[in-house]
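Heads up, the thing below is written out as structure tokens.
Heavy-atom basis, side chains included; hydrogens, waters and symmetry copies ignored.
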Amino acid sequence: MTAQEIYIFRIQRNERHESGRVKSRWQEYRVEAEPTTTVLTALNDIRDHQDGTLTFRQSCRSAICGSCAMRISGRTRLACKTHVSAVAKPQQDPSKPKLVEVSPQLNQPVLKDLVVDINPFFKRVHQIVPYLQGGDEAQQKTDKGSYDQVNHVTQCIMCGSCYSDCTMAEVNDRYLGPASLAKAFRFVSDPREGKKSARLEDLTEPDGMWSC
């Protein structure tokens with residue numbers, strides 16, 4: 001059994017007021033965990049034994065649903081697959097425990113603590129018409145190469161991590177974003193899609209693929 005260590009979790013607490021303004025503060029918790037403990041497990045430990053008001057999303061705990069995506073030590077990651085030891089950083093005072101900093105995703109409205117409003121993200125996904133359309137450009141036969149290309153893109157779990165860390169989304173709130181563009185590529189490259197040209201034409205509009 002791996003020896004446990006003490007870590008300091010520095011978590012951004014956020015509270016949305018009736019005015020719509022979000023008030024933020026940082027709160028620290030001491031957590032005893034093994035190096036292979038996931039950040040999500042540590043957050044559950046904090047909520048279960050230290051602070052029941054801590055709010056965050058989780059579901060499958062298997063890196064499939066994407067609901068536990070959050071900023072961890074300077075980058076957006078899935079908390080359920082991120083080991084504490086991989087993101088813990090030494091503090092200026094070497095005698096103090098290593099620090100794990102956790103905050104909500106960027107570029108999306110914060111609802112409470114580590115929970116963001118995902119509606120704007122999925123609104124952009126719906127903009128690219130995320131389903132196959134019939135039309136003259138649809139092919140009747142497909143080959144394995146076409147399937148492999150489509151299958152690669154469909155592995156995206158729509159967690160929003162790429163959108164959170166996207167610098168273009170930070171300065172342009174109308175930009176489609178990397179997840180939407182990846183989803184659009186999935187349909188443009190699918191030989192069964194009947195409106196490839198129309199899709200590409202839509203993607204060349206302002207705030208589309210050329211903004212990337």
Side-chain angles (χ1 to χ4, degrees), residues 14 16 20 22 40 56-72 74-82 103-112 114-212:
N14 297 285
R16 179 174 288 276
V22 176
L40 183 59
F56 53 91
R57 283 195 181 104
Q58 63 175 327
S59 185
C60 74
R61 303 183 70 157
S62 302
I64 296 173
C65 72
S67 55
C68 67
M70 58 188 72
R71 295 274 295 181
I72 303 171
R75 211 185 87 191
T76 307
R77 317 167 195 256
L78 294 177
C80 68
K81 64 176 291 187
T82 302
S103 57
Q105 291 189 49
L106 299 176
N107 301 325
Q108 302 192 68
V110 177
L111 298 177
K112 181 174 172 58
L114 304 176
V115 177
V116 297
D117 183 358
I118 60 175
N119 285 315
F121 171 78
F122 279 101
K123 182 179 179 181
R124 287 166 177 78
V125 174
H126 289 301
Q127 274 183 251
I128 59 96
V129 190
Y131 49 82
L132 288 171
Q133 301 176 93
D136 297 337
E137 296 175 88
Q139 298 178 27
Q140 299 304 312
K141 293 183 179 181
T142 61
D143 55 36
K144 187 178 183 300
S146 299
Y147 171 78
D148 288 343
Q149 185 167 261
V150 171
N151 188 50
H152 177 71
V153 182
T154 56
Q155 293 176 14
C156 172
I157 61 173
M158 293 286 144
C159 65
S161 294
C162 61
Y163 188 77
S164 171
D165 286 353
C166 176
T167 52
M168 177 52 71
E170 186 177 351
V171 297
N172 181 1
D173 60 7
R174 298 180 305 279
Y175 173 52
L176 276 175
S180 298
L181 291 175
K183 179 71 79 173
F185 173 76
R186 175 255 182 274
F187 292 105
V188 169
S189 62
D190 194 319
R192 299 168 297 175
E193 171 60 37
K195 295 183 179 179
K196 293 183 178 66
S197 298
R199 282 187 182 276
L200 288 171
E201 207 170 307
D202 289 340
L203 291 170
T204 60
E205 292 295 320
D207 312 314
M209 63 183 182
W210 299 121
S211 293
C212 181

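Residues M70 and I72 have side chains in contact (heavy-atom distance under 4.5 Å, counting atoms from C-beta outward). Residues N172 and D207 meet the side-chain proximity criterion, which asks for heavy atoms closer than 4.5 Å. The side-chain heavy atoms of E193 and V188, taken from C-beta on, include no pair separated by under 4.5 Å. The closest side-chain heavy-atom distance from R61 to L40 is below 4.5 Å. Between S164 and R71, some side-chain heavy-atom pair lies under the 4.5 Å cut-off. Counting heavy atoms from C-beta on, the side chains of H126 and P130 come closer than 4.5 Å. Using a 4.5 Å heavy-atom threshold, the side chains of I157 and L78 count as touching.
Taking each heavy atom of R16 and L111 in turn, the nearest pair found is CB-O, 3.5 Å. The shortest non-hydrogen separation linking R57 to S67 is CB-O, 3.2 Å. Across every non-hydrogen atom of C162 and P178, the tightest pair is SG-CG, 3.5 Å. The two atoms that bring Y163 and G177 nearest to each other are CD1-CA, 3.9 Å, heavy atoms only. Shortest non-hydrogen contact noted between L114 and P104 is CD2-N, 3.7 Å. The two residues L132 and F187 come nearest to each other via the heavy atoms N-CE2, 3.5 Å.
Rounded to the nearest 0.5 angstrom, L200 CG and M209 CE are separated by 5.5 Å. Put simply, OG1 on T167 and OH on Y175 are 8.5 Å apart, with the number rounded to the nearest 0.5 Å. Going from atom OG of S161 over to atom CD of Q105 covers 5.5 Å, rounded to the nearest 0.5 Å. Separating the OG atom in S211 from the CG atom in L203 is a distance of 11.0 Å, to the nearest 0.5 Å. Atom CG of L106 sits about 13.0 Å away from atom CZ of R75, to the nearest 0.5 Å. Note that NZ of K196 is 5.5 Å distant from CD of Q139, once rounded to the nearest 0.5 Å.
With hydrogens and angles disregarded, a donor-acceptor distance shorter than 3.5 Å links the side chain of N107 to the backbone of C166. Under the 3.5 Å distance criterion, the side-chain polar atoms of D117 are left unmatched by any main-chain donor or acceptor of P109. Between the side chain of Q133 and the main chain of K195, no donor-acceptor pair closer than 3.5 Å is present.
Residue pairs meeting the side chain to side chain donor-acceptor pair (under 3.5 Å) criterion with at least one partner in residues 179-188, sequence neighbours excluded, are R186-D190.
Around the CD atom of E201, the shell of radius 6.0 Å holds no more than 12 heavy atoms that belong to other residues, nucleotides or ligands.
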